[in-house]
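Because only heavy atoms are used, hydrogens play no part in the values below, and waters and symmetry mates are left out as well, while side chains stay in.
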Amino acid sequence: MRDPGTLTRRHALGLVAGALAAPAVVRAAAPVTLTYSDWHLAEPVWGRSLAEAFAQFESENPDVKIRPEPVAYGQRDVRYATAFRGGRGPDVFSLDSNPVKQFIREGWLMDLTPFLEKDGGAAAWASQFYEPAIKVVGEKGGLFGAPQTYVPIVLFYNRPMLESVGVTAAPGTWTEFRDAARRLTAPSRPGGQVDRWGTTMVLGQGGFDLRFPVVLRGFGGDILNPDYTRSRLDEPAAREAFGFVVGLINDDKVMPPGVLQVDANAARQLLATKRIGMAFEAAWAYPITAEMNKDLDAWNTLQVAPVPMKDPAADHIRTTLNMKSLHINPKTPNAEAAWRLVRFLTDRQRAEKWYLDNNLLSPRRAVNAEFPKIQASASAKLMAQELDHAAFMPLIPQWPEINETFRQSLHAAVTRSKTPDQALADAHKQVEAILQRKT
C-alpha cells in the first residue's frame, strides 16, 4: 500500500510544476489620463462637439482617458501662467492667437517638431495651413502648437430688419453703415419708446480686441504699424474712425444704452433677440445665436458681408483674424498620448466636424476650398474669401496693455470726460511709451 504521505508530496510537487509551466497572466496597463483644458468646454454647442470628439478618440485609443477641465476665457491666461510657473498645468490646452508668443518664450509650450518629423515631416505638415496660422505657432525653427480653427470678423446683419427700413443690400461703406443704423433705430411699435437699434460695438473687455479694430482697419488705419514698433493712433484714418464711433454713440444714438459694458456675448444676445440689426462677429455667431433664440431662424435671417470700407476700392487689410490652436504642456508625463490627442483634434476630419457643428472655418486652406458643405454655403464662402483680407492683432507681450489703453480712451470720449481728439492723442502717447518700455 502506498504511503499517503508520499502521494501528498508528489501531488504537491506536481502542482508546483504545473504552476511554473502555466502561462503568466498579463494585466493590461491602466489607461493614462490626459487633462484637457478649454474655454469652449462650458459652451453648449462647442461643449457637445468636444464631448463627441473625446468619445471617438477614447474608443480608438483605449489606453487614454480624457479629463475635461473648463476654464473661463477671461481667466484663462492668468490661470495657465500661475499653474505653469508652479510646474503644473493641463496636459493639453487651447489658446487663441494673442498669448501664444509669450507662452513660447516662457517655455510653457512643447515643441511638436519631433512628433511631426515622425509623422511625415514638419515642413509637409505646416504647408497644409495658411501661412499666418503657422507664423503664430512657429518660433526659432520650432512649431509649438497645432492650429484648429481660423475665422475672420465680418458684418452680420438681420436681412428682414434692414429690408423693413428700405435697406436692400448690406452696407459696403461706412456712410451706408451709418445710414442703415439710423434707419433701424426706432420703436418696434408706433408711438412707443425706442427699443430697437441699428448696431452695437463691443466696448467691454471680453472681445473688444478682436472686434473694434475692424473699424480702424475699415477706415485704412490701425493701432500699430506692421512690425509693431510704432503707434498709428496719430494718423488721420485713426482720428476719423475714432470720431465715427463716438458719433454713432453720442450723436446718432444708434446703440443700446450701456454700450460701454457690452461684451461679445452681450452683443450676440442683442443680435439674437432682434434688438439690433447689425454687429461685427465671427462665424460662430450662427450656432450661438440660433441656440440663444430658436425663433430667430438664425441660419436664414442673419446674413454676412465684408467689413465696410471708407474706400471700397482700396486694397488693404480690413478685418481681424481669430485662431484657436492646441498645445501640449512640456512637463506632461504623457507626451506621446498628448500628441495623439492634439493630432486627432486638429486633423482634416475634425476640421470638417468643427464646421458642421460650429460653422468654423479651418486653418487648412484645402478644407475651406474643397469641403462640399463649405462650398455650398454662401456665408462660409464669403468668410473664407475674407481670410485673405484679415490679419491678427499684434502678437507682442505689450498687446494686452496697449489694447486696454485704447479701450479706455474710447470710454473717456464716450463719457465726454475728454474730447475724442484729446482721448485719442493721449492714447497715442501712452501706447508709444508702452512700446518703448523694456519688457
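- In K274, the NZ atom is not crowded: 12 or fewer heavy atoms of neighbouring residues, nucleotides or ligands sit closer than 6.0 Å.
- Listed for the T301 side chain is a donor-acceptor partner under 3.5 Å among the backbone atoms of L296.
- Taken to the nearest 0.5 Å, the CD atom of E131 stands 9.0 Å off from the CZ atom of R365.
- The distance from the OG1 atom of T229 to the CD atom of E432 is 8.5 Å, given to the nearest 0.5 Å.
- Two rings, from Y150 and Y130, have their centers less than 6.0 Å apart.
- Ion pairing between a basic and an acidic side chain is recognised when a charged N comes within 4.0 Å of a carboxylate O; E281 and R268 show such pairing.
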(message) One pair to check against ring pair (Phe, Tyr, Trp, His ring centres under 6.0 Å): F212 and F280. What are the steps and the verdict?
(response) CA-CA 8 Å; F212 186 86; F280 297 106; 9.2 Å; no
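- Remark: the backbone N or O of I66 is paired with a side-chain donor or acceptor of E58 at under 3.5 angstrom.
- Here the options are T185, V215, V254, the test is side-chain contact (heavy atoms from CB on, under 4.5 Å), and the partner is L248; only V254 passes.
- Using a 4.0 Å cut-off between charged nitrogen and carboxylate oxygen, R348 and E370 count as a salt-bridge pair.
- Using a 4.5 Å heavy-atom threshold, the side chains of V151 and L321 count as separate.
- Residues Q128 and V367 are not in side-chain contact: their nearest non-hydrogen atoms beyond the backbone lie 4.5 Å or more apart.
- At a threshold of 4.0 Å, the pair R67-D91 does not count as salt-bridged, since none of the basic side-chain nitrogens sits closer than that to a carboxylate oxygen.
- Judged by a 6.0 Å distance limit and a 45° cone about the ring axis, K324 is not positioned over the six-membered ring of W354.
- Residues L216 and F406 form a side-chain contact, since some pair of their non-hydrogen atoms from C-beta on lies under 4.5 Å apart.
- For the residue pair P171 and M278, the shortest heavy atom distance occurs at CG-SD, 3.9 Å.
- Ion pairing between a basic and an acidic side chain is recognised when a charged N comes within 4.0 Å of a carboxylate O; E240 and K310 show such pairing.
- Distance alone, capped at 3.5 Å, is enough to place a donor-acceptor pair between the N368 side chain and the S362 backbone.
- Note that the OH atom of Y355 and the CG atom of L361 stand 7.5 Å from one another [nearest 0.5 Å].
- When each of F93, W108, W39 is checked for a ring pair (Phe, Tyr, Trp, His ring centres under 6.0 Å) with Y80, only F93 meets the rule.
- With N359 contributing its side chain and A283 its backbone, the two residues share a donor-acceptor pair below 3.5 Å.
- Here the CD1 atom belonging to I276 is positioned 8.0 Å from the CE atom belonging to M161, to the nearest 0.5 angstrom.
- For R364 (side chain) and F129 (main-chain N/O), no donor-acceptor pair under 3.5 Å exists by modelled atom type.
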(request) Kindly determine whether V304 and L155 satisfy side-chain contact (heavy atoms from CB on, under 4.5 Å), including the steps that lead there. (result) CA-CA 5 Å; V304 298; L155 176 66; over 6 Å; no
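- Side-chain contact check for V100 versus F144: every heavy-atom pair is 4.5 Å or farther apart.
- Side-chain contact of S409 with D426: a donor-acceptor pair under 3.5 Å is absent, judged by distance alone.
- Smallest separation of non-hydrogen atoms from W399 and I223: CH2-CD1, 3.6 Å.
- Look at R275 and D195 and you find no salt bridge, because none of the NZ, NE, NH1 or NH2 atoms lies under 4.0 Å from a carboxylate O.
- Going from atom CG of L184 over to atom CZ of R196 covers 5.5 Å, rounded to the nearest 0.5 Å.
- Proximity of L95 to R76: side-chain heavy atoms (C-beta onward) are separated by under 4.5 Å at one or more points.
- Side-chain atoms of R239 never come within 3.5 Å of backbone atoms of A425 as a donor-acceptor pair (strictly under, hydrogens ignored).
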(message) Go through it in stages, so that I can follow the logic: the residues are Y157 and R159, the test is side-chain contact (heavy atoms from CB on, under 4.5 Å), and I'd like the CA-CA distance, side-chain angles, deciding distance and then a yes or no.
(response) CA-CA 6 Å; Y157 65 98; R159 184 175 61 184; 4.1 Å; yes
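- Looking at D421 and T419, their side chains never bring a donor and an acceptor atom within 3.5 Å of each other.
- Using a 4.0 Å cut-off between charged side-chain N and carboxylate O, R230 and E235 make a salt bridge.
- The backbone N or O of I153 sits less than 3.5 Å from a side-chain atom of T319, completing a donor-acceptor pair.
- Residues H316 and R217 have side chains not in contact (no heavy-atom distance under 4.5 Å, counting atoms from C-beta outward).
- T149 places a side-chain heavy atom less than 4.5 Å from the side chain of W46.
- R437 has a carboxylate O that lies under 4.0 Å from a charged side-chain N of E401, or vice versa, which qualifies the two as a salt bridge.
- For Y36 and F54, the gap between ring centers is short of 6.0 Å.
- The backbone N or O of G47 sits nowhere less than 3.5 Å from a side-chain atom of H40 that would complete a donor-acceptor pair.
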(request) Mind running side-chain contact (heavy atoms from CB on, under 4.5 Å) on S97 and N322 for me, showing each step along the way? (result) CA-CA 7 Å; S97 56; N322 176 269; 5.6 Å; no
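- When only modelled atom types and interatomic distance are considered, T175 and D179 share no side-chain donor-acceptor pair under 3.5 Å.
- A salt bridge between D347 and R350 is present, with a side-chain N of the basic residue lying under 4.0 Å from a carboxylate O of the acidic one.
- Surrounding CG of D227 are more than 12 heavy atoms belonging to other residues, nucleotides or ligands, all under 6.0 Å away.
- Across all non-hydrogen atoms, the minimal contact from T173 to P312 is CG2-CG, 3.5 Å.
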(message) For N329 and V92: C-alpha separation, side-chain torsions, deciding distance, then whether side-chain contact (heavy atoms from CB on, under 4.5 Å) applies.
(response) CA-CA 6 Å; N329 184 344; V92 178; over 6 Å; no
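- Using a 3.5 Å distance cut-off with no hydrogens or angles, the side chains of D96 and Y73 do pair a donor with an acceptor.
- In this structure a side-chain-to-backbone donor-acceptor pair under 3.5 Å is present from T289 to Y286.
- Looking at D252 and R182, a side-chain N of the basic residue comes within less than 4.0 Å of a carboxylate O on the acidic one, giving a salt bridge.
- Here the shortest heavy-atom pairing between P160 and N158 reads CD-OD1, 3.0 Å.
- Under 4.0 Å is where a charged nitrogen must lie from a carboxylate oxygen, and between E52 and R48 no such pair does.
- Interatomic distance, CG of L326 versus CD of Q148, reported as 4.0 Å (0.5 Å rounding).
- Judged purely by atom type and a 3.5 angstrom limit, S37 uses its side chain to pair as donor or acceptor with the backbone of E69.
- The heavy-atom pair separating S231 from L224 by the smallest distance is CA-CD2, 4.0 Å.
- Side-chain contact between I328 and L109 is absent, with no heavy-atom pair separated by less than 4.5 Å.
- With hydrogens and angles left out, the side-chain atoms of N334 and T332 include no donor and acceptor closer than 3.5 Å.
- When all heavy atoms are compared, the tightest approach of V64 to A337 is CG2-CB, 3.9 Å.
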